[in-house]
Amino acid sequence: MSIRTLDDLLAEGVSGRRVLVRADLNVPLDKQSGAITDDGRIRAVLPTLGALVEAGAKVVVCSHLGRPKGTPDPQFSLSPVAGRLGELLGAPVHFATDTVGDSARSTVAGLADGQVALLENLRFNAGETSKDEAERGAFADQLAAFGDAYVDDAFGAVHRKHASVYDVPARLPHVAGRLVLREVEVLSKLTSEPERPYVVVLGGSKVSDKLAVIEALLPTVDRLLIGGGMCFTFLKAQGLEVGTSLLEKDMVETCRNLLERSGGKIMLPVDVVVADAFAPDAAHDTVRVDGIPSHRLGLDIGPETVAGFAAALSQGKTIFWNGPMGVFEMAAFAAGTRGIAEAITKADAFSVVGGGDSAAAVRALGLDESSFGHISTGGGASLEYLEGKTLPGIAALEN
Ligand code: 3PG
Ligand code: MG
């Protein structure tokens with residue numbers, strides 16, 4: 001890999017230099033209180049930020065949060081993140097209330113060596129996500145003016161061709177941060193000769209989101225276990241009735257085709273937990289997949305499925321997991337996700353958890369993060385990496 005790294009930059013010396021760090025601080029916030037519900041992504045960039053602080057750099061951090069529409073929107077402010085980042089770093093983080101305006105300029109200009117600033121949400125500016133090269137470029141010029149060097153540590157955003165990810169590195173000396181490097185190292189182990197059996201578990205709600213990765217993985221994996229909302233489209237493709245469960249009608253034919261071509265590698269649930277409604281207190285029961293009542297919807301995989309999936313996982317030497325098995329945020333429908341996560345920790349395998357939701361599930365269920373080989377901070381990014389796609393943020397670092 002022809003990518004320069006943070007260590008290369010540190011070796012040059014960064015004391016007194018302004019280093020612009022693109023991080024992915026897109027953390028989940030509580031809808032009511034606005035509090036950060038999972039700070040995993042903030043923790044994940046501490047090694048890079050800590051090293052820069054220690055080396056005496058003036059550290060300018062930028063990130064997106066959520067999907068605001070190119071204009072300031074208070075519910076997506078990074079302000080709470082600045083507070084949490086400061087706590088974790090053990091030093092105050094100077095927060096700019098805009099991204100490239102007066103506040104940002106004076107905040108950056110006021111930084112002493114070894115201090116950290118956080119700019120307001122990149123996506124408050126239309127230029128960040130614009131498809132128009134000139135508009136993105138103009139915004140990238142403004143951002144690049146805040147750094148003498150650029151570090152990409154935003155693994156969760158490397159699949160986005162956005163100004164801060166793709167255009168800024170073309171304007172500044174650029175390196176990969178510790179997190180990006182580690183993520184790429186781990187994921188490349190999965191794509192180049194994984195130790196076998198290689199078992200993949202996919203969940204989440206939509207087949208259409210996962211189709212490309214399923215296509216890419218089928219020839220490579222030994223077993224592909226499918227749960228979560230998307231399993232119902234596969235069950236339908238097997239001719240079963242799925243009641244009012246999530247169903248992508250226009251994907252049924254595609255699923256039938258995948259099952260035919262899978263050579264028996266795909267494992268589907270044999271039982272599911274069905275409920276009267278999508279609600280934490282809905283009446284629910286476990287039924288076999290050929291007995292889903294027409295008025296009920298499946299919200300988790302059942303215990304027999306967990307046992308079958310766990311047996312397959314126990315054979316694995318390499319495991320990749322993306323997507324919850326059920327609505328784990330509701331206690332009544334969390335057992336499937338918990339069971340699979342526990343089975344992965346027990347397997348004598350190199351295990352990788354991919355994706356914001358699955359990583360959040362691991363932490364929300366109180367599981368020990370260190371019992372997994374690696375917990376990726378990127379959902380879409382890790383899937384696109386496994387699909388073999390060119391990731392704009394990585395490509396930009398290679399140039
Ligand atoms: C994510 O949460 O997947 C990353 O932060 C990227 O966010 P995006 O999907 O809104 O680009
Ligand atoms: Mg995403």
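In what follows, every heavy atom counts, from backbone to side chain, and hydrogens, waters and symmetry copies are set aside. Throughout, residue positions are numbered sequentially from 1 according to the sequence presented. All ligand and atom numbering here is 1-based and tracks the order in the structure.
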Enquirer: His159 to ligand 1: N or O pair under 3.5 Å?
Expert: no
Enquirer: Enumerate the atoms of ligand 1 whose separation from the nearest heavy atom of Asn26 is less than 4.0 angstrom.
Expert: 1 (C), 2 (O), 4 (C), 5 (O), 7 (O)
Enquirer: Report yes if some heavy atom in the side chain of Thr191 is under 4.5 Å from a heavy atom in the side chain of Leu386; otherwise report no.
Expert: yes
Enquirer: Pull out every atom of ligand 1 sitting under 4.0 Å from any heavy atom of Arg67, numbered as shown with elements.
Expert: 8 (P), 9 (O), 10 (O)
Enquirer: Hey, which atoms in ligand 1 end up nearer than 4.0 Å to a heavy atom of Asp24?
Expert: 4 (C), 5 (O)
Enquirer: Does the ring center of His284 lie less than 6.0 Å from the ring center of Phe333?
Expert: yes
Enquirer: Looking at Gly156, which atoms of ligand 1 are within less than 4.0 Å of one of its heavy atoms?
Expert: 4 (C), 6 (C)
Enquirer: Do side-chain atoms of Ser314 reach the backbone of Ala347 as a donor and acceptor pair under 3.5 angstrom?
Expert: no
Enquirer: So, regarding His162 and ligand 1 (criterion: nitrogen or oxygen to nitrogen or oxygen, under 3.5 Å), is there a contact or not?
Expert: no
Enquirer: Check ligand 1 against Arg160 and write out every atom of the ligand that is under 4.0 Å from a heavy-atom position of the residue.
Expert: 8 (P), 9 (O), 11 (O)
Enquirer: Could you check whether any side-chain N or O of Asp271 sits under 3.5 Å from a backbone N or O of Val287, counting only pairs where one atom can act as donor and the other as acceptor?
Expert: no
Enquirer: Between Ser164 and Glu128, is any side-chain donor less than 3.5 angstrom from a side-chain acceptor?
Expert: yes
Enquirer: Does the pair Arg22/Asp152 count as a salt bridge with the N-to-O cut at 4.0 Å?
Expert: no
